[in-house]
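Right, one structure below, let's go through it.
All residue numbers refer to positions in the sequence shown, counting from 1. Counting convention: from 1, in listed order, for ligands and their atoms alike.
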Amino acid sequence: MSRSTEQDQSPGDLVPHLSSALRLMLLLAAVTPSLKACLVRHSVNGNSVACHPPAQPPSHFPADTLYLAVEFFNLTQLPADTLQNVSHLQELHLSSNRLEMLAAEFLLPVPQLQVLDLTGNALAGLPPGLFRASRALHTLVLKGNRLRDLKAEWLSGLKALAYLDLSGNRLWTLPPRLLANFTALLILDLSDNQLESLPDDLLQGPLRLDRLHLEGNRLRTLDKELLAPQPGLRYLFMQNNSLATVAAGAFEGLRELDMLDLSDNSLSSVPAGLWASLGQPARAMKEGFDISRNPWVCDKNLDDLYHWLLANNDTMFSRKETLCAGPEALKGRLLLEVARGQMGRTPHLAKSPIF
Ligand SMILES: *[C@@H]1O[C@H](CO)[C@@H](O)[C@H](O)[C@H]1NC(C)=O
Ligand SMILES: *[C@@H]1O[C@H](CO)[C@@H](O)[C@H](O)[C@H]1NC(C)=O
Ligand SMILES: *[C@@H]1O[C@H](CO)[C@@H](O)[C@H](O)[C@H]1NC(C)=O
Ligand SMILES: *[C@@H]1O[C@H](CO)[C@@H](O)[C@H](O)[C@H]1NC(C)=O
Ligand SMILES: *[C@@H]1O[C@H](CO)[C@@H](O)[C@H](O)[C@H]1NC(C)=O
């Protein structure tokens, strides 16, 4: 392992003045509390090793290590054979280093790995084939790296993936069929990237996605096709984008949505029928919805939304920030109040509202 600080002159040998045996002893000695060594916890199943500064980053681990954390060291690279002798490893946490690349062979020795956390590194890509032995990996966290042009091959080999976190990168586009093989995927987090659009087939593959994070991108439209393959989706986060257009059938396939966040977008209107499958009268949206901080134009084009808002007002978030931006006469009024005013007319008028 090598660190990006001046004092580390010899990558691959972090404690050059100590013999390997001594280094191992230093590591193992950490059962007695010492700030300078890694923490090793023994259990009947195996060891758990956690290293953070001011301890030295280790270069050898006990063979029966199941859990390994080497974090906050600013390591820029790891030797390809780092995991050679920990073949039972199940969890690997390498967050808050400065890793720029991983060797294609890096994970080959650890086919039982279930969790890989690479949060907060400097990865601009992954070597194709990295996961070719990672059939047990269910959690992959690549949050806060420098990924820009994601390649589907980077992820190939993963068979059990349930949680994929790609948030906080520089993704501006996604390849087709990215998730085609991830039938077990439950949570997809693409938040805080620079995505302007998504491939229509993005959600084809997963059999039952539960949670989709798309917030903090630059999405402008939501088409009919995107969500259609995921009728069981329960959480949809699309706040803080540039959505101006949502297709009438965009939510049509959703049967179990419990949470919808469309706040901080550019919606001035939405098409009639958009809400039909969501919330009451079909079923309550358990966790609620947020449509605040959009430039709503409160004219009769919103009648359908008004009806829906009144039926679902008890699960509405940020009411005081859900305002009309137009027309001039209604600027700054609460959308919910305007809805009550419009729909609270006589039934006769409510059926054919006149503005
Ligand atoms: C793995 O074990 C072998 C044999 O004990 C040793 O020579 C080698 O240095 C070890 N590799 C690592 C990365 O710990
Ligand atoms: C890692 O880098 C940060 C920022 O430069 C620095 O504050 C920190 O002390 C470094 N940590 C180590 C273990 O070198
Ligand atoms: C999906 O799996 C098939 C069969 O194993 C393989 O040929 C294909 O390359 C995989 N697709 C991706 C994007 O990894
Ligand atoms: C919106 O997303 C951008 C990243 O795309 C982020 O920098 C910003 O903090 C987010 N704003 C809010 C209010 O969450
Ligand atoms: C929602 O609206 C109904 C009438 O349409 C009203 O009785 C109820 O108090 C409202 N709930 C809230 C939390 O405003």
Side-chain angles (χ1 to χ4, degrees), residues 1-9 11-16 18-28 35-38 40 47 49-65 68-89 92 94-100 102-103 105-110 119-122 126-135 137 140 144 149-161 164 166 174-185 188 199 201-207:
M1 306 184 189
S2 65
R3 251 195 298 190
S4 64
T5 52
E6 296 76 27
Q7 67 260 40
D8 292 307
Q9 303 301 327
D13 199 357
L14 291 160
V15 197
L18 296 180
S19 74
S20 328
L22 198 56
R23 263 178 275 160
L24 189 58
M25 279 173 59
L26 185 76
L27 179 66
L28 294 173
L35 287 176
K36 285 281 181 191
C38 300
V40 180
N47 291 316
V49 178
C51 303
H52 303 108
Q56 288 299 308
S59 52
H60 292 71
F61 313 107
D64 54 349
T65 299
L68 175 59
V70 180
E71 300 171 306
F72 300 100
F73 284 112
N74 303 339
L75 301 171
T76 56
Q77 48 180 301
L78 294 169
D81 67 356
T82 302
L83 305 175
Q84 195 177 39
N85 297 336
V86 287
S87 59
H88 300 296
L89 197 64
L92 179 57
L94 295 169
S95 77
S96 307
N97 283 295
R98 290 184 195 161
L99 298 172
E100 287 160 11
L102 294 173
E105 302 74 35
F106 184 65
L107 297 175
L108 289 185
V110 290
T119 301
N121 277 284
L126 296 174
L130 177 65
F131 298 113
R132 62 193 185 276
S134 301
R135 52 190 167 272
L137 196 76
L140 175 57
D149 292 292
L150 194 67
K151 304 270 189 293
E153 307 89 84
W154 292 352
L155 302 180
S156 76
L158 295 169
K159 302 224 178 320
L161 199 61
L164 177 59
L166 292 163
L174 296 173
R177 300 187 50 77
L178 176 65
L179 308 175
N181 287 348
F182 303 147
T183 53
L185 196 67
L188 175 62
D201 73 357
L202 179 66
L203 303 184
Q204 286 171 18
L207 295 177

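By the definition of a contact as any protein heavy atom under 4.0 Å away, atom 4 (C) of ligand 3 is not in contact. For atom 11 (N) of ligand 3, a protein heavy-atom neighbour is found at a distance under 4.0 Å.
Atoms of ligand 2 found under 4.0 Å from any heavy atom of Arg98 (numbered from 1 in listed order, with element): 1 (C), 2 (O), 3 (C), 4 (C), 5 (O). Less than 4.0 angstrom separates some heavy atom of Asp81 from each of these atoms of ligand 1: 13 (C). Under a 4.0 Å criterion applied to the non-hydrogen atoms of Ser156, ligand 3 contributes the atoms 14 (O). Under a 4.0 Å criterion applied to the non-hydrogen atoms of Phe72, ligand 2 contributes the atoms 13 (C).
In this structure, the protein non-hydrogen atom closest to atom 6 (C) of ligand 3 is Asn181 ND2, 4.1 Å. If you check which protein heavy atom lies closest to atom 8 (C) of ligand 1, you get Asn85 ND2, 3.7 Å. Among protein heavy atoms, the minimum distance from atom 9 (O) of ligand 1 is reached at His60 NE2, 3.8 Å. Protein heavy atom nearest atom 13 (C) of ligand 3, with residue, atom name and distance: Ala152 CB, 3.8 Å.
Taken to the nearest 0.5 Å, the CG atom of Leu78 stands 8.5 Å off from the CG atom of Leu92. Separation of atoms CG (Asn181) and CG (Leu155) is listed at 10.5 Å; rounding is to 0.5 Å. Taken to the nearest 0.5 Å, the CG atom of Leu75 stands 11.0 Å off from the OG atom of Ser96. To the nearest 0.5 angstrom, Leu107 atom CG is 6.0 Å from Phe131 atom CZ. Put simply, CG on Leu94 and CZ on Phe73 are 11.0 Å apart, with the number rounded to the nearest 0.5 Å.
In terms of polar-atom proximity, defined here as any N/O pair under 3.5 Å, Gln84 does make such a contact with ligand 1.
Judged by distance alone, with hydrogens and angles left aside, the side-chain atoms of Asn121 form a donor-acceptor pair with the main-chain N or O of Arg98 at under 3.5 Å. Side-chain atoms of Asn97 come within 3.5 Å of backbone N or O of Val70 as a donor-acceptor pair.
The shortest non-hydrogen separation linking Arg132 to Leu108 is NH2-CD1, 3.3 Å.
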